[in-house]
2 protein chains.
Amino acid sequence: MTEAAGDAREATRARIEAAALELFTGRDFETVTADEVADAAGISRRTFFRHFATKADAVWGDFHAHVVRLEELLAGTDDAQPVLASICAAYVEVNDYAAEDLPLLRQRMRLILTEPALQAHSQVRYADVDRVVAEHVARRTGDDPHSLVPRLVATATRAAATTAFETWLIGEGSLAEDLHTAFDQLAGGFPGLRRPD
Amino acid sequence: MTEAAGDAREATRARIEAAALELFTGRDFETVTADEVADAAGISRRTFFRHFATKADAVWGDFHAHVVRLEELLAGTDDAQPVLASICAAYVEVNDYAAEDLPLLRQRMRLILTEPALQAHSQVRYADVDRVVAEHVARRTGDDPHSLVPRLVATATRAAATTAFETWLIGEGSLAEDLHTAFDQLAGGFPGLRRPD
DNA sequence: GGACGCTATGGCACCGAGTGTCACCGGGCA
DNA sequence: TGCCCGGTGACACTCGGTGCCATAGCGTCC
């Protein structure tokens, strides 16, 4: 196998993913049972859980690859660049989708940011992202990755990215633009809030 | 009733909470069944779920009251104060526990920040906090509470608070101190990261 | 070509979190 | 005494997730 069977596995995985996304956007995430997704994908319930550990996982494509790519991008950033700028650039690039993939991304992100069960699940996923970013910051500052500043920068920048995603979903602008806006606010210490009034 | 029975209800609720906390700290959260907690509290499994909608909820005391108090504190802040400072002050005050309650707080926070299932659950809880903070920021800046800056400030300050809690758990300092450190970093745009190197 | 092994899959039984329902008990109240 | 009502227990059921075993397809090696 490894060739044909591997492809077949990828194909069924993609079928499941497509079926799941369609059902979840049509109705509330929680009201769709794993059985229904399996039926729609033409496989058994048991097989569904062999491809995705969790019902929620079917919404996040191959998120691990995403994290790995982010890590590579961070490792490849220029040390002459400010740390926050390097993180922003990495976030922008890892989310640089082709125009034809944007509708799918919107669909996914809408689910993840809207459905409570998926919001909860996302925390576990984001922990990986935070770890990677914190390590990058620590590498740049010489701090322990578990100390306050690297951790804080990681969670704060992720907050910025998430907020950027939210405004991108609502509005019509580009994701890169919203990411830069959010990171600028963060890096500037929220200039609009500085002076009272 | 309403007097005697209400007290009794509070009492059983407290018993459940205590039993849950003890069991969850003794073993992994997920390996403790709701049946066990119910048995330890001397009630039935069904009654457990009448007091707490979720196994995870037994860890968070009356969190809603916490959020309400935070909202009041934010409403009562001085408008001459910078916005971030007012949020920091509110976070500090809402988490100003008596010395004798600190061990319990540590126990709770360790669970919430450590156990994956509770981490996931926390996202839903934090959404309330974010809403309250975003509304406060919007009131101060005149923005729409759903626009980027209020949302971003809310999630970023919560990230600061969470990180402060994490370092507080590990170290020996005071929580207020760690909160101020984190908020100072945030308000200053992470001064240590500004210039490369 | 046949035996072997690996992998994907299906079916089944099981556990645990929640939930709806009904029946019961106790205490306040007319 | 009889009624009402809130807290409780018992039971059955749904659904997410897992372990186990059996089977089918396909590639490999003798």
Is a side-chain donor-acceptor pair under 3.5 Å present for B:His121 with B:Thr54? no

Atom-pair distance (CG on A:Asp57; P on D:dG17), nearest Å: 8 Å

Measure CD/A:Glu36 against C1'/D:dG16 and give the value in whole Å, please. 13 Å

Strictly below 4.0 Å, heavy-atom distances to any atom of DNA chain D: list the hits from residues 109-125 of chain A, or just say none. none

B:Arg108 NZ/CZ over B:Trp60 ring centroid, <6.0 Å and within 45° of normal: no

Can you sort out which residues in residues 40-50 of chain B have a heavy atom within less than 4.0 Å of DNA chain D? Ascending by number, please. B:Ile43, B:Ser44, B:Arg46, B:Thr47, B:Arg50

Nearest-Å distance, CG (A:Leu23) to P (D:dG16)? 12 Å

Regarding A:Asp143 and A:Thr141, do their side chains bring together a donor and an acceptor under 3.5 Å, going by distance alone? yes

Whole angstrom value for the distance that separates P of C:dT9 from CZ of A:Arg13: 12 Å

Quick one: do the A:Arg139 and A:His136 side chains pair a donor with an acceptor below 3.5 Å? yes

Decide whether A:His64 and A:Asp128 meet the rule of one side-chain donor and one side-chain acceptor closer than 3.5 Å. no

Are A:Tyr97 and A:Leu104 packed together at the side-chain level, in the sense that at least one heavy-atom pair is separated by less than 4.5 angstrom? no

Here the distance between atom C1' of C:dG16 and atom CG of B:Asp39, to the nearest Å, is 14 Å

OP1 or OP2 of C:dT9 sitting under 4.0 Å from any side-chain N/O of A:Thr12? yes

Roughly, in whole Å, what's the span from NZ in B:Lys55 to P in C:dG18? 7 Å

Looking for any heavy atom pair under 4.0 Å, which part of the strands does B:Val37 touch: base, sugar-phosphate only, or nothing? nothing

Report yes if a side-chain nitrogen or oxygen of A:His51 is closer than 4.0 Å to either non-bridging phosphate oxygen (OP1 or OP2) of C:dT9; otherwise report no. yes

B:Arg9 CZ to D:dG6 C1', in whole Å, measures 9 Å

Hey, can you tell me if B:Tyr91 and B:Phe183 have their rings parallel, tilted or perpendicular (30° and 60° cut-offs)? tilted

Short side-chain N/O contact to C:dA17 OP1/OP2 from B:Thr54, under 4.0 Å: no

So which heavy atom on B:Leu148 is nearest to which on A:Ala182, and how close? CD2-CA, 4.2 Å

Is it true that, when you exclude B:Glu30 itself, more than 12 heavy atoms of the residues, nucleotides or ligands shown sit nearer than 6.0 Å to its CD? yes

Report the residue (A:Thr31 or A:Phe52) whose heavy-atom-nearest nucleotide on DNA chain D is the more 5′ of the two. A:Thr31

